[in-house]
Amino acid sequence: MLLSVDRSDATAGQSVCFDIIAAVAEREGIDPVDLEPPEYEALYDVVNPEALDALFATRTNGTQRPTGRVEFPFCGYHVVVGSDGEIEVSDPETDLE
């Protein structure tokens with residue numbers, strides 16, 4: 001099962017990392033504040049949250065960054081973050097098909 005979050009209309013100040021946590025929490029059927037150690041993996045153990053947010057943030061001159069994506073495992077899911085603001089959370093075994 002794939003969960004996709006479109007951040008193209010996201011409010012200013014909301015981070016990519018928050019959206020990742022919210023998407024994984026939705027897959028788990030829990031509140032995002034409950035997605036914390038020791039029951040769940042910490043996002044900072046997998047990826048540098050500040051670097052990830054900076055990578056997809058609008059540049060200081062207001063222009064968008066070039067296209068790209070980052071993929072990593074988190075809490076047993078395969079997470080893909082695209083420069084278009086889309087976040088995909090899927091089961092690792094579905095990516096092999």
Side-chain angles (χ1 to χ4, degrees):
M1 179 178 188
L2 175 70
L3 175 70
S4 181
V5 177
D6 182 5
R7 294 189 73 253
S8 57
D9 294 327
T11 58
Q14 187 168 337
S15 75
V16 172
C17 293
F18 175 82
D19 290 336
I20 293 167
I21 290 169
V24 171
E26 184 176 328
R27 287 293 302 268
E28 290 290 303
I30 62 171
D31 191 275
V33 297
D34 294 330
L35 190 72
E36 60 181 35
E39 294 85 22
Y40 294 94
E41 186 174 25
L43 184 60
Y44 59 78
D45 285 340
V46 177
V47 66
N48 181 319
E50 292 85 12
L52 188 61
D53 284 339
L55 182 64
F56 293 108
T58 303
R59 292 181 175 155
T60 55
N61 67 3
T63 61
Q64 295 294 319
R65 300 210 181 255
T67 60
R69 66 191 223 170
V70 174
E71 300 182 39
F72 54 91
F74 177 54
C75 290
Y77 296 101
H78 182 84
V79 177
V80 179
V81 182
S83 59
D84 61 356
E86 190 168 325
I87 297 170
E88 297 176 3
V89 178
S90 61
D91 293 322
E93 59 272 1
T94 61
D95 294 332
L96 301 175
E97 296 174 0

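Heavy-atom basis, side chains included; hydrogens, waters and symmetry copies ignored. None of these values were measured; they are calculated from a predicted model.
Summarising the geometry of Val89 relative to Arg27, their closest heavy-atom pair is O-NH1, 2.8 Å, with the distance given to 0.1 Å.
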Asp19/Phe56 under side-chain contact (heavy atoms from CB on, under 4.5 Å): CA gap, chis, key distance, verdict: CA-CA 12 Å; Asp19 290 336; Phe56 293 108; over 6 Å; no
Verdict with reasoning, Asp53 to Phe18, per side-chain contact (heavy atoms from CB on, under 4.5 Å): CA-CA 9 Å; Asp53 284 339; Phe18 175 82; over 6 Å; no
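Note that CG of Leu52 is 8.5 Å distant from OG of Ser15, once rounded to the nearest 0.5 Å. Rounded to the nearest 0.5 angstrom, Ile87 CD1 and Ile21 CD1 are separated by 10.0 Å.
Among pairs with a residue in residues 69-78, those fulfilling salt bridge (charged side-chain N to carboxylate O under 4.0 Å, His left out) read Arg69-Glu71, at least two apart in sequence or across chains.
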Identify every side-chain donor-acceptor pair in residues 30-47 under 3.5 Å, counting partners at least two apart or on other chains, and give the distances.
from: Asp31; atom 1: OD1; to: Val33; atom 2: N; distance (Å): 3.0
from: Tyr40; atom 1: OH; to: Glu28; atom 2: OE1; distance (Å): 3.2
from: Glu41; atom 1: OE1; to: Cys75; atom 2: N; distance (Å): 2.7

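For Thr63, the side-chain contact (heavy atoms from CB on, under 4.5 Å) test picks out Arg59, Asn61, with sequence neighbours left out. Residues passing the side chain to side chain donor-acceptor pair (under 3.5 Å) test with Thr60, sequence neighbours excluded: none. Remark: Glu50 engages no residue in a side chain to side chain donor-acceptor pair (under 3.5 Å) (not counting sequence neighbours).
Both Val70 and Phe74 are assigned to one and the same hydrophobic cluster, defined by single-linkage of ILVMFWY side chains at heavy-atom distances under 4.5 Å.
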